[in-house]
A.B. asks: 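There's a structure below that I have some questions on.
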Amino acid sequence: MQLTVWTYEGPPHVGAMRIATAMKGVHYVLHAPQGDTYADLLFTMIERRNHRPPVTYTTFQARDLGGDTAELFKRAAQDAYERFKPEVMLVGSSCTAELIQDDPGGLAKALALPIPVVALELPAYQKKENWGAAETFYQLVRTVAGPNAPAPGVERAPRADGARPSCNILGPTALGFRHRDDVTEIRGLLEKLGVDVRVVAPLDATPSDIARLGEADFNVVLYPEIAHTAATWLKRTFRQPMVTTIPIGVNATRDFIEEVCSVAGIGKADALEAQSRLPWYSRSVDSSYLTGKRVFIFGDASHAIAAARIASEELGFAVVGLGTYSREFARDVRAAAEKYGVEALISDDYLEVEQRIVELQPEMVLGTQMERHIAKRLGIACAVISAPVHVQDFPARYSPQMGFEGANVIFDSWVHPLMMGLEEHLLVLFRDDPEFHDDAKASHLASVEGTAERAPQAPAPTPDAIIVWNPDAETELKKIPFFVRGKARRNTESYAREQGLGTISVETLYDAKAHFGR
Amino acid sequence: MSASGAGAIAREGTGCPEPEILRQRGQREVFCGLTSIVWLHRKIPDAFFLVVGSRTCAHLIQSAAGVMIFAEPRFATAIIDERDLAGLADMNVELDRVVGQLLARRPDIRMLFLVGSCPSEVIKLDLSRAASRLSQIHMPQVRVVNYSGSGIETTFTQGEDTCLAALTEHLDTAPADERSLLVAGCLPDIVEDQFRRIFEELGIGPVQFLPPRSSLALPTVGRGTRVLFAQPFLGETAQALAKRGAQLLPAPFPFGAEGTALWLKAAADAWGIPDLEFRKAIAPRRERAQRALQHYRETLAGKRIFFFPDTQMEPSLARFLHRELGAELIEVGSPYLNRQLVDMDLAMLPPGVTISEGQDVEMQLDRCRAAQPDLVVCGLGLANPLEAEGITTKWAIELVFSPVHGFEQAGDLAELFARPLVRGQRLRV
Ligand code: SF4
């Protein structure tokens, strides 16, 4: 039993819903109690979809439990088939139905529907949303594309002379973080490279699209959290190589292009970077204040790893923390963290993440909507880089994360909150002027979402209470601009500890400053 | 249609023929009772709601609460995992550990609700025993109370009902000869205060509220207690209070000028206040409410309204929309019709309205599309898809989150229904 305040991922059947909802011609019959229908609102409200997710819930009640919940399931599946006439049906259990063990797969089979039925086994007390999405996509691909698989051992025929290379894009789903725009961006990039995109799946794909996945020369795995399992199976079964570089950031996009070209056996196209502005913007003198900004990064594994690389190589930040809630990809995140000399935080405990941020006192948080709230409470600049998503993560305008345009978007969306941070600094400087009253707030902090229940915490109390700041030193510290104050406090304290000092005076403060530089 | 003659209408309501009810059993598109934690926890600031359930339950509350504005909200989920199910961990020991961990973090908590879910009920985890065991450990610091918010037992607002019913068992007994008024059902503090002032002016009292604003100040209940229900979904609470000897005062619910007048009148009658005196006392507020409603009459009069079942408030709200704003009703759906509580409202509905109980969402959508109503009141899962089909909607959930009871909120309540229609008229894109 685990005490959980907020969760990064929903249950695995919500992952299955993300696949079903992304596609056309698929219907999901879910054995679940009525309250589980809440999941519809994720799609209709957060993502503003104009259709209900293609999901039928059996909504069994306590009084059905003594009777025949299996019969209820069969009726629901039969009715759903007749009403929606899907090309493929997914069936499965939510957490509660898993406990009553009705076996939706077997029951659906007994109905002998004239369409493929994919029975999903998604252990709800063990696995989570992304795993559920990956497993569902894999099962669907296996069931629908499987019959077209070449005999084992048969090699892929080489591409016909003069034919353009082709690929599939795998991984984008409903309720994904910027998936819609990423697909547009990467499809455009691939086409400029001379690669045809055959199928994008699961987003907007039909079962017939899935059936012909094997036709393309290779697969581009944009979101490994969703598509890695399926792509691995395709590689094994259809001998389709996969491109696994995730093109988030300028350098990663360059690497992606290189990988695509080598897998497709083609030369690089020119002028791909014509619209890429991040490199120059980052070099322009105006950006010099970004140097060494201490950032804490948390999200799904792919987005967190990509963000760390951009932060460090392309914006000149210092990565002080890196973590993920995707345990399935913990190894990759640990390896990345090692590169930046930090210890990876692998956790889906929101309170633990908050604790780490409080301890590290970063100047910026790159995280999910959950970290945005933490950062807001602590008064730290923040940009959102990953799911779980919020209605704000589905902007009306085009705003991909991937490719060169994605990097431009990232530059703007990360630098913007820091600029606002500077504005806040000016407010502090002019605090005593008559135009400002004491509780004037920076405009972006004006609360639109009500007030936090708990008063914002003072950043990081000294871990060991042995070190005391004397009043003069404390006053001096307050004169330091707020955005470096946390760092000054931390440096001074660690300096004092090193020197074995119990009290910090004004002199200690400046000694420490000289010791650490900046 | 006019809202005069409060007393007469209330009497009329009781002798009506049985309305015909369409009972449906198919897919229900409703929240479970856990959802009510979202407003209950705000009402009792020293209480904590611990759901014993699955990741789904945690995700539901988080999604229904919308934005996470709280660092540490006063609700959480003890997520059952495979170790618990496989019997590798003793679930009661685990629960005690989680509760200990929680209470250590939150020394400000005085009452802990252990909220049952579908998984905890299917595996027959005895949370009521756990609650008494934990109470013994943590009293007098923290009282532990158990109720069910599961989707197999409760629908949306019924979670408040099961919560208040459980709380009723913890109320001290009031002396039998002590007459007092108990208002049952969560009301925003501001609305509570308005009612308190009116009762005071009328000389009705002492007045207590369930749930209370602090878990250290629970109301008392006994044979002298008269209960007015602020919400129609409190069937179990009504039974629990009756068992404690309280006497229920039947009334329509306090939505709109007329509804509020009739509701107050039930208490006034119980206190033997002469009709004329009562009317005089409430007249200024009632007229003010009618003036406020006037703004929205034009927008809502003649509009054809269709209610999907969500909150059990539907018959009462339909009555308000029809009688006080002139709206036309097509279908009034409710997840459950608690006849003891909503009969008077049902009786005030015009003939020819389809009243439906339970749901088969696909069939109901078919009926809705066929009727092409001007406004559909429905849940969050259906709203945007219906809007995309050109049907204007109002979210039912807002009706439980916003202050809508009483004279001073009558206009606000009308505005909630009018806003989507006004918006539709404004938009030119
Ligand atoms: S319906 Fe049951 S399983 Fe689903 S969220 Fe509600 S209590 Fe939890």
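Naming: A, B, ... by sequence-line order, numbering from 1 per chain. FYI, side chains are in, hydrogens and waters are out, and symmetry mates aren't considered; it's all heavy atoms of this structure.
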A.B. asks: Determine the option with the most heavy-atom pairs under 4.5 angstrom with chain A, choosing from B:V98, B:V52, B:D81, B:T56.
C.D. replies: B:T56
A.B. asks: Got a sec, which residues hit ring-ring contact (aromatic ring centres under 6.0 Å, His included) with B:F233, two or more places apart in sequence or on another chain?
C.D. replies: none
A.B. asks: Check A:D64 against B:R25 and note the closest heavy-atom contact, atom names and distance.
C.D. replies: OD1-NH2, 2.7 Å
A.B. asks: Check each atom of B:A78 against the heavy atoms of chain A and say whether the ones under 4.5 Å are side chain, backbone, both or neither.
C.D. replies: both
A.B. asks: Relative to chain B, which segment of A:L42 carries a heavy atom at a distance below 4.5 Å: side chain, backbone, both, or neither?
C.D. replies: side chain
A.B. asks: Between B:I80, B:V51, B:V361, who has the most heavy-atom pairs with chain A when the cutoff is under 4.5 Å?
C.D. replies: B:I80
A.B. asks: Taking atom CH2 of B:W395 as the centre, report whether more than 12 heavy atoms of other residues, nucleotides or ligands fall under 6.0 Å from it.
C.D. replies: no
A.B. asks: Taking heavy atoms only and a threshold strictly under 4.5 Å, list by residue number the residues of residues 29-36 of chain A that touch chain B; give 'none' if the list is empty.
C.D. replies: A:P33, A:Q34, A:G35, A:D36
A.B. asks: To the nearest 0.5 Å, tell me how far B:L85 CG sits from A:M1 CE.
C.D. replies: 9.0 Å
A.B. asks: Only pairs of heavy atoms separated by less than 4.5 Å count here; which of B:G26, B:P119, B:A76 has the most with chain A?
C.D. replies: B:P119
A.B. asks: Between A:D79, A:T7, A:D40, which has the largest tally of heavy atom pairs under 4.5 Å with chain B?
C.D. replies: A:T7
A.B. asks: Would the number of heavy atoms belonging to other residues, nucleotides or ligands and lying under 6.0 Å from CZ of B:R213 be above 12?
C.D. replies: yes
A.B. asks: For chain B, find which of A:K128, A:R83, A:M45 contributes the most heavy-atom pairs closer than 4.5 angstrom.
C.D. replies: A:R83
A.B. asks: Side chain, backbone, both or neither: which part of A:Y8 has a heavy atom under 4.5 Å from chain B?
C.D. replies: neither
A.B. asks: Quick check against the 3.5 Å criterion: does B:N384 have a side-chain atom that pairs as donor or acceptor with the backbone of A:T44?
C.D. replies: yes
A.B. asks: Are there more than 12 heavy atoms of other residues, nucleotides or ligands under 6.0 Å from atom NZ of B:K124?
C.D. replies: no
A.B. asks: Do you know which of B:E362, B:E82, B:R83 has the most heavy-atom pairs under 4.5 Å to chain A?
C.D. replies: B:E362
A.B. asks: Which atoms of B:L365 are under 4.5 Å from chain A, going by heavy atoms: the side chain, the backbone, both sets, or neither?
C.D. replies: side chain
A.B. asks: Quick one: are B:R105 and A:L351 in side-chain contact, heavy atoms under 4.5 Å?
C.D. replies: yes
A.B. asks: Can you tell me how far apart CD (B:Q101) and CD (A:Q2) are? Round to the nearest 0.5 Å.
C.D. replies: 8.5 Å
A.B. asks: Would you mind checking if B:E153 and A:R63 are paired as a salt bridge, meaning a charged N to carboxylate O distance below 4.0 Å?
C.D. replies: no
A.B. asks: Shorter than 4.5 Å, heavy atoms on both sides: which option in A:I374, A:L41, A:T4 has the most such pairs with chain B?
C.D. replies: A:T4
A.B. asks: How long is the straight-line distance from OG of B:S63 back to CD1 of A:I46, given to the nearest 0.5 Å?
C.D. replies: 6.0 Å
A.B. asks: Quick one: of A:E129, A:E9, A:E98, who has the most non-hydrogen atom pairs under 4.5 Å with chain B?
C.D. replies: A:E9
A.B. asks: If you count every heavy atom of other residues, nucleotides or ligands that lies below 6.0 Å from B:I190 atom CD1, does the total exceed 12?
C.D. replies: no
A.B. asks: For the NE2 atom of B:H59 and the NE2 atom of A:H13, what is their distance to the nearest 0.5 Å?
C.D. replies: 9.0 Å
A.B. asks: Looking at B:L60, B:T154, B:L50, which one has more heavy-atom pairs under 4.5 Å with chain A than the rest?
C.D. replies: B:L60
A.B. asks: What heavy-atom pair brings B:V30 and A:T37 nearest, and what distance separates the two atoms?
C.D. replies: O-OG1, 3.0 Å
A.B. asks: Below 4.5 Å from any heavy atom of chain B, which atoms of A:V14 appear? Answer side chain, backbone, both or neither.
C.D. replies: side chain
A.B. asks: Under a 4.5 Å heavy-atom cut-off, does chain B meet the side chain of A:T56, its backbone, both or neither?
C.D. replies: both
A.B. asks: Within the side chain of A:N50, is there an N or O that forms a donor-acceptor pair under 3.5 Å with the backbone of B:P385?
C.D. replies: no
A.B. asks: Measure B:D366 against the heavy atoms of chain A and call it side chain, backbone, both or neither at under 4.5 Å.
C.D. replies: side chain
A.B. asks: Could you tell me the separation between the CD atom of B:E121 and the CG atom of A:L65, rounded to the nearest 0.5 Å?
C.D. replies: 9.5 Å
A.B. asks: When rounded to the nearest 0.5 angstrom, what is the spacing between CD in B:Q62 and OH in A:Y38?
C.D. replies: 9.0 Å
